Amino acid sequence: MEIIYNNDKLILNEGETGFSLIKRLDLKNKLDILVYKLNGELYDLATPIKSEGEFSFVTKTDPEAFTILNHDSAHLLAQAVLSLYPDAKFGIGPAIKEGFYYDIDFGSVVINDDDLVKIERKMSELSKEDHRISMKLVSQQEALEIFKNNEYKVELINEITDRITVYTQGNFTDLCYGPHMPSTRYVKFFKLLSLAGAYWRGDAKRKQLTRIYGISFFSKEELDAHLHNLEEAKKRDHRKLGKELGLFMLSEYGPGFPFWLEKGMSLYHELEHWWISKQRRDGYEFIKTPTLLSRDLWEISGHWANYRDNMYTTKIDEKDYAVKPMNCPGSILIYNNSLHSYKDLPIRLAEHGNVHRHEASGALNGLFRVRNFTQDDAHIFCRRDQLQSEIKRLLKLYDEVYKTFNLSYHIELSTRPENKYIGDLKTWNESEKALAKACVAFGIPFKVNEGDGAFYGPKLDFKLRDSIGRIWQCGTIQLDMNLPERFDISYIDRNNKKVRPIMLHRAVFGSIERFIGILIEHYAGAFPLWFAPEQISVLPVNNEAHLKYAAKLNKKLINLGLRSSLNGANEKLGYRLRQSQIAKIPYTIVIGDREMNENLVTYRKFGKEDQITVPYKDFIAMIRREIKNKA
RNA sequence: GCCGACGUGGCUCAAUUGGCAGAGCAAUUGAUUUGUAAUCAAUAGGUUGCAGGUUCAAGUCCUGUCGUCGGCACCA
């Protein structure tokens, strides 16, 4: 039998394993080899190479290495837990993008953060003890016997239809497909990060297990760098910055209902004004629909039946009302307010609509998940033949918006769910094709999530990537085959017949509140000039000599439409400069004798340490240019 | 909603085994008039989230409750 290895044919010995091959080839980097890969599948080094094909060794630097290491780390965690808590029962323990976790039933024992430290120490011990990790193929009967005291594994075993393998290291044996590295000593640089409750098999009706999260790397440097990044992420937490920069607040009197402070409201207004002007340019008509609408409407839309628990309702004059959790029904009422000709389409109704949803208390999170937020919503009513071009327009608009904030993104297309869906197949196929085709035409790649669409239609989701690499789902374009039927909307075609238009829902930010939260973290509170709540701070060097002039200059800047403020506190210049740095104000200008007498401006830009002196009009020109370029 | 942790001046945090609630920053007042990240001094600021309980005595222990955080579930 022969394999292709390093582009060469290699004849295998009888019963050759990864280990024996490493030995035979006398590979220098043998300690870096984790597993081997045969025809794209990964195997333990101890497993005999069973067929011909493309062969390679996977080393610490290969893309698969991180997952393998973290999967091994989950096993090491379990081994450590078992030795400290012999009665613990194990659920599942996979590697994930951000490391690994293991779901464990500790019985009546309560685990806290101090225990994590103990477990971590035990893991290090077990790692040093260099336990061999060995795999064994077993029958279902044997597997059931091995895990007879663990109802979780038994449940899993009963569902497995192909081969069952178990992995053993020391006295810990786990049900696992593998692959694993040869021994526990490969897991060396790791950290247990947090403790959480997690429902068995993700089902809220089933038992909650204790989940331990951790992450593992091949070097101390990588681990330290990762921990450092976590610290950095904490520093830009929008809740922390929101407090420090005076942007918004939360109150126990309204959990999940954010209060906007003056500076935060400035962000909000800037963002909204800019965004409204872009949408007007693109042919959107702005509307506003009521916050409180009668139950009858929500029954037609289907929300009363499906989301009543998450809606705020009230009784007025013996009639039920609900605070709107969505803007669509209101928008449709406006569409239905008049007859529409095929010539009028597409009609693009936009509403920055303030909605309330009673989210579960445990779901609330700063501005990211709130009970009162504003959707930058729009509903597009168009003809079938306009669908393609409408989507293309949207892609262009989304691209422009996200690029303005320096956010890169990727698109995911979710298609028709297998069983539960409404509408006819023809429309589904046509719409999915239109969404895909528009992406291709726009020249942007997309990922397909088969069967992940809403029951009422396919959608495109936009996943943004921020300045430190985190992914946020914001924008969405959804085709709706449900509401047009329920509200019986139509337009009159050229044959004078009533025809059902296509309805698109679209939001680019998703929620303005959440988007601002994301931008706070993305910019770490140091907003670009056009967007910053305070753009310029004017500091007179000496209050007696320069305050008057500085105040005049500040007034001048304000009259030019700039958000400028004077800092004439009785403090040293250094102290006031520090204040503007802490407030992350883009430009701090210092006014002294020279500036006053020669009409100059000495400025320091946030994030830079040098001071630059220029004529006043050059400074204004520069500021204007920067604002215009949204830099 | 569920599991776990936490809740002390505006902010960040102290307070031995239960034993007089304290500091820095911010604020106010006064002095100082400052050229690129903290001038000096004084003053004021608290029913320790809230409601009960145990105790001679509770920030500390117990019960309940509200809120926040890390996750899970949920996210039209």
Side-chain angles (χ1 to χ4, degrees), chain A residues 101 103 106 110-116 193-213 234 237 239-240 243-244 246 249-256 298 301-311 324-329 355 357-366 368-371 373 375 454-457 459 473 476 478 480 482-483 505 510-511 514 537 539-547 568-583 588-595 602-605 608-613:
Chain A
Y101 68 78
D103 283 347
F106 283 93
V110 177
I111 299 297
N112 61 35
D113 288 350
D114 295 335
D115 298 318
L116 280 193
L193 295 169
S194 67
L195 208 52
Y199 297 108
W200 170 236
R201 312 206 83 178
D203 186 343
K205 289 185 203 73
R206 306 195 64 178
K207 192 171 166 136
Q208 200 160 50
L209 308 181
T210 302
R211 176 172 295 180
I212 298 176
Y213 282 97
K234 253 188 226 162
D237 187 313
R239 292 165 302 199
K240 183 173 142 70
K243 202 180 265 180
E244 287 172 3
M249 61 172 249
L250 293 163
S251 159
E252 63 182 305
Y253 294 107
W298 303 111
S301 72
H303 290 100
W304 191 271
N306 291 314
Y307 297 107
R308 188 163 155 30
D309 287 349
N310 292 320
M311 286 163 71
K324 68 174 175 184
M326 291 200 92
N327 306 300
C328 341
V355 297
R357 298 179 180 179
H358 186 73
E359 304 288 1
S361 58
L364 301 179
N365 179 319
F368 288 161
R369 192 77 182 274
V370 291
R371 287 175 171 161
F373 61 100
Q375 294 178 308
F455 76 92
Y456 54 78
K459 58 175 181 167
Q473 143 93 57
T476 180
Q478 303 183 1
D480 191 335
N482 182 37
L483 294 179
H505 303 253
S511 142
R514 181 164 174 272
S537 179
L539 314 186
V541 172
N542 178 320
N543 271 346
E544 281 166 10
H546 314 122
L547 182 64
N570 277 338
E571 299 283 356
K572 282 167 70 178
L573 184 64
Y575 182 84
R576 284 175 286 146
L577 190 88
R578 179 170 183 271
Q579 286 183 317
S580 56
Q581 295 299 307
I582 288 170
T588 303
I589 65 187
V590 173
I591 299 300
D593 286 336
R594 232 187 112 210
E595 288 80 6
T602 297
Y603 68 87
R604 174 167 159 172
K605 193 169 177 171
K608 302 219 161 124
E609 297 200 350
D610 46 348
Q611 355 166 352
I612 300 169
T613 304

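What you see below is based on every heavy atom in this structure, not just the backbone, and it leaves out hydrogens, waters and symmetry mates. Note on naming: letters A, B, ... go to the chains in the order of the sequence lines (proteins, then strands), and numbering restarts at 1 for each one. If you're wondering where the values come from, they're calculated on a predicted model, not measured in any experiment.
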Taking only residues two or more places apart in sequence or in another chain, which ones pass side chain to side chain donor-acceptor pair (under 3.5 Å) with [X]?
X        : value
A:Tyr213 : A:Arg211
A:Lys240 : A:Glu244
A:Asn570 : A:Asn543
A:Lys459 : A:Asp461

Touch check for [X], heavy atoms < 4.0 angstrom, all strands: base, sugar-phosphate only, or nothing?
X        : answer
A:Thr602 : base
A:Gly574 : sugar-phosphate
A:Arg594 : base
A:Asn306 : nothing
A:Ala204 : sugar-phosphate
A:Glu571 : base
A:Gly202 : sugar-phosphate
A:Asp593 : base
A:Gly246 : nothing
A:Arg211 : sugar-phosphate
A:Glu595 : base
A:Asn365 : sugar-phosphate
A:Ser194 : sugar-phosphate
A:Lys205 : nothing

Handout entry: Test salt bridge (charged side-chain N to carboxylate O under 4.0 Å, His left out) applied to A:Asp115 - qualifying residues, sequence neighbours left out
Key = A:Lys118
Exercise for the section: State plainly whether the residues A:Asp203 and A:Arg201 are in salt-bridge range, i.e. N to O under 4.0 Å. Expected result: no
Problem - Nucleotides bounding contact with chain A, strand RNA chain B, heavy-atom threshold 4.0 Å - result: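 So the contact region on RNA chain B extends B:G1 to B:A76.
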Taking only the [atom1] atom of each, what is the distance from [N] to [M] in whole angstrom?
N     : M     : atom1 : result
B:A26 : B:G45 : C1'   : 11 Å
B:U68 : B:U63 : P     : 23 Å
B:U16 : B:A21 : P     : 14 Å
B:U36 : B:U32 : P     : 22 Å
B:C72 : B:U17 : P     : 36 Å
B:G67 : B:U29 : C1'   : 37 Å
B:U55 : B:C62 : P     : 16 Å
B:C25 : B:U34 : P     : 24 Å

Exercise for the section: State whether a side-chain donor-acceptor pair under 3.5 Å links A:His505 with A:Asp480. Expected result: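 A donor-acceptor contact under 3.5 Å links the two side chains.
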Practice task
Verify whether one side chain among A:Thr602 and A:Gln611 offers a donor that lies under 3.5 Å from an acceptor in the other.
Solution key: no
Problem - Comparing A:Gln581 and A:Ala198 on RNA chain B - which has the more 5′ nearest nucleotide - result: A:Gln581
Handout entry: Comparing A:Glu544 and A:His358 on RNA chain B - which has the more 5′ nearest nucleotide
Key = A:Glu544
N/O donor-acceptor pairs under 3.5 Å from side chains in residues 249-256 of chain A, not counting sequence neighbours:
unit_1, atom_1, unit_2, atom_2, d
A:Ser251, OG, A:Tyr253, N, 2.9

Practice task
Over 60° means perpendicular and under 30° means parallel, so classify the ring planes of A:His303 and A:Trp298, tilted if in between.
Solution key: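 Aromatic pair A:Trp298/A:His303 classed perpendicular.
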Exercise for the section: Not counting sequence neighbours, which residues clear side chain to side chain contact (heavy atoms under 4.5 Å, CB included) with A:Ala545? List them please. Expected result: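 Only A:Asn542 meet the side chain to side chain contact (heavy atoms under 4.5 Å, CB included) criterion with A:Ala545.
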Exercise for the section: Could you give me the stems involving RNA chain B, meaning stretches of three or more consecutive Watson-Crick or G-U wobble pairs whose two defining distances are both below 3.5 Å? Expected result: B:1-7 with B:66-72, B:10-13 with B:22-25, B:27-31 with B:39-43, B:49-53 with B:61-65
